[in-house]
K.L.:
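Can you read through this structure? Questions will come right after.
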Amino acid sequence: MAQQNPSTEPVPSKPHDEDEIVHTPTPHRARWIMGILLLILILTTFTVGDEITKLMTGQSRSSAYATWNRPGVGEQSISGEDWQGCMRSLSKLYSVLGKPLQEDDLKEVVAQTLLVSAMAQDAGIAVTDKELGDFIVRSFGSGQNYQLILPRYRVTPKEFESILRQVLIVERYTTLLADAWNTPDIAAVEKSWKAQHQEYAFDYVMLPVANALEEAKKAPITDEELHAYFDALSQPRKDSFRTREKLAAELIGLAFENAADEALFAKYPKPADEAELEKLAKDYFDAYGMRRFPGKTYDESKDAARTEALAYASMQAWLKDLRERQDKGQAIDLVAESAALGLALVPVPTPLEQSEWLSQKPAPWIGTQTPALVFGNATDVLAGKLYPAVIVDDGGFVVVEPTTKVDPAMPAFEEISDKLREEMWQKRARDFASVHLELLRDKFGTRPPTEEGKPAPAFMPETDEETFYKVAKEMGFEPQLRDYEERSTPFKPDAPPIDMYAKTQPLLYTSPPNTVLPANTSFDGKNAFLVRVRGVRDPDPARMTAGEFANVSGGLKASATTELRTKEFSFAALQSRYGLNIREQNGE
């Protein structure tokens, strides 16, 4: 049989049926029909979930997501889409106002905004456009700022103002309700004021630490003890023994009254352009006007500012020239140059600390600025190198060349040993004073036994007033009364030492009456105290001032307002009082 070659002609396709929507090639039609039958079987055997149906049909966007009972109206509802829209608007609003809401708070804020704003509107509460605008201006500073900030948060003025109005309506409604509900009566104000102004009294014995110093000095302190004491100090405390930085320098100055120095201008001329002259004067006034011309405007001090500004600019030019020559290694005769320019040179040959510069004022134009700058800019202060700026000080312009710089250093131990020894004696004296007072405290009770390896148990004896005074006198002390006084009474410079001590001892205000507290020394280390708590009493309400009455009333109203809002408008309250029901809570 002859072999047939495959035809290269295209096989004509079968024309589609005009009524056929989806054309299936003939060889695969049986498989396609079987697929359709299988799909029908699945759809008739299984049920498609309601949520999927609602999602596919769009019903979920319009069905009730949350429902509640609106007083006087009946059941209200909101769709999930509208709820989410309100949530987004509120989230943007609080973010724009700088008070972003936490995720956990969003649901409650949305519920409050929707429910309470509706009740407020039913009650006739409204916020006018003017009130809305005033709030926006207060919050943003200006309408221009408002328009600039909103786009950063992708919120339009219409959306922002709409939700803001609702929030302000809610705030006004709850505030009006609170004001009508939370007015405190006089008895409540008086009770609260008394609680804030309790008065305390103490019986005490004071022992000056100086009385125990002689006893402390009887025991010698060895060098080994001194070294051990120093080594145990904190690093900042050790550094306090270091010497202070010291500087010697050449000071070249020009007093303000001599600022129109023609010799200086001859070498370093002032600008010829009037605009440049005016700019120099204004820049000088902006930089130094508050110190040089206090309380005056530029126009009021224009002439003096211009004169000083020109001298300042010429001295800066001279200093720049000096430093450039120094950098090139050229020798500079400051005495000769300053004299040629009409400037005064004052040497400070002996290195001085900053405090000595301030107290001695080595040159007439030196005030506070020169010491502050040369001691405060360590990297710019080098011996033999001109300080890089002309200093405007209290009396004139100053150029500084440090000649000697003595850096801080730890002195030899022998140089600080006497000071360390005195500190140790003072510490011993404080300990001895406390021990003497603890011996007195032992007379008022028996200390509980101490178990080995454990801290000593608390010993808080109690005694009556008569016994405290009697025993203290028998042991040679002079017991005294610190009469009833508020804990927060402002401290007076001439107050007795017990007043300052009492402010540093919290136990005095929390321990039961008659308790004799452990002996302790005052903050300044000058006295040791043993104190018995006499008691606490209410203050005389006649002492209450009008301002205090207003403050206490305001505090009570604020607390009551918070309580009302929690009781009436918290999420739980909205659920309980108005039947608020959110679908996701029921697992639907």
Side-chain angles (χ1 to χ4, degrees), residues 236-259 261 264 283-295 304-305 307-309 311-323 326-327 332-335 337-339 341-411 415-416 419:
R237 182 70 184 89
K238 291 177 181 177
D239 289 342
S240 68
F241 290 95
R242 296 170 67 90
T243 60
R244 302 291 185 267
E245 180 184 8
K246 294 183 179 182
L247 287 176
E250 300 282 355
L251 304 176
I252 303 98
L254 176 65
F256 292 128
E257 57 267 25
N258 300 325
D261 181 5
L264 178 63
D283 289 346
Y284 179 81
F285 181 85
D286 290 341
Y288 305 106
M290 291 185 64
R291 188 149 45 86
R292 289 292 305 124
F293 315 107
T307 300
E308 293 184 14
Y312 179 62
S314 293
M315 287 197 70
Q316 284 182 308
W318 177 52
L319 177 60
K320 181 175 181 292
D321 180 27
L322 288 174
R323 285 175 59 84
Q326 268 191 343
D327 291 341
I332 297 173
D333 187 346
L334 279 179
V335 176
E337 288 205 27
S338 58
L341 296 176
L343 308 176
L345 186 146
V346 176
V348 183
T350 304
L352 302 176
E353 294 183 9
Q354 182 175 353
S355 60
E356 294 172 318
W357 278 64
L358 290 169
S359 62
Q360 297 181 19
K361 293 190 176 181
W365 4 267
I366 293 293
T368 59
Q369 297 302 308
T370 300
L373 290 173
V374 296
F375 282 92
N377 298 298
T379 56
D380 291 330
V381 178
L382 303 172
K385 180 74 173 178
L386 285 155
Y387 184 75
V390 175
I391 300 171
V392 181
D393 212 323
D394 296 350
F397 305 107
V398 185
V399 171
V400 181
E401 183 181 51
T403 54
T404 305
K405 182 179 181 181
V406 181
D407 292 324
M410 183 65 71
E415 296 180 33
I416 63 173
K419 188 174 182 180

K.L.:
Would you please classify the geometry between the Trp357 ring and the Phe375 ring as parallel, tilted or perpendicular, with 30° and 60° separating the classes?
P.N.:
perpendicular
K.L.:
Whether the side chain of Ser314 engages the backbone of Ala311 through a donor-acceptor N/O pair (distance < 3.5 Å, no angle test) should be reported.
P.N.:
no
K.L.:
For Glu356 and Pro351, work out which heavy atoms get closest and say how close.
P.N.:
OE1-O, 4.5 Å
K.L.:
Does Arg291 pair with Asp393 as a salt bridge, N-O distance under 4.0 Å?
P.N.:
no
K.L.:
Under 4.5 Å between any side-chain heavy atoms of Leu322 and Leu334, yes or no?
P.N.:
yes
K.L.:
Is any side-chain heavy atom of Glu308 closer than 4.5 Å to one of Phe293?
P.N.:
yes
K.L.:
To the closest 0.5 Å, what do you measure between CZ (Arg292) and CZ (Phe256)?
P.N.:
4.0 Å
K.L.:
Tell me if a side-chain donor or acceptor on Lys238 pairs with a main-chain N or O of Met410 at a distance below 3.5 Å.
P.N.:
no
K.L.:
Whether the side chain of Asn377 engages the backbone of Leu373 through a donor-acceptor N/O pair (distance < 3.5 Å, no angle test) should be reported.
P.N.:
yes
K.L.:
Could you tell me whether the side chain of Gln326 and the main chain of Leu386 form a donor-acceptor pair under 3.5 Å?
P.N.:
yes
K.L.:
Just how far is it from atom CD of Gln354 to atom OG1 of Thr370, taken to the nearest 0.5 Å?
P.N.:
11.0 Å
K.L.:
Taking the side chain as every heavy atom from C-beta outward, state whether Trp365 and Asp394 have any pair of such atoms under 4.5 Å apart.
P.N.:
no
K.L.:
Which atom names give the shortest non-hydrogen contact between Pro362 and Val348, and what distance separates them?
P.N.:
CB-CG2, 3.7 Å
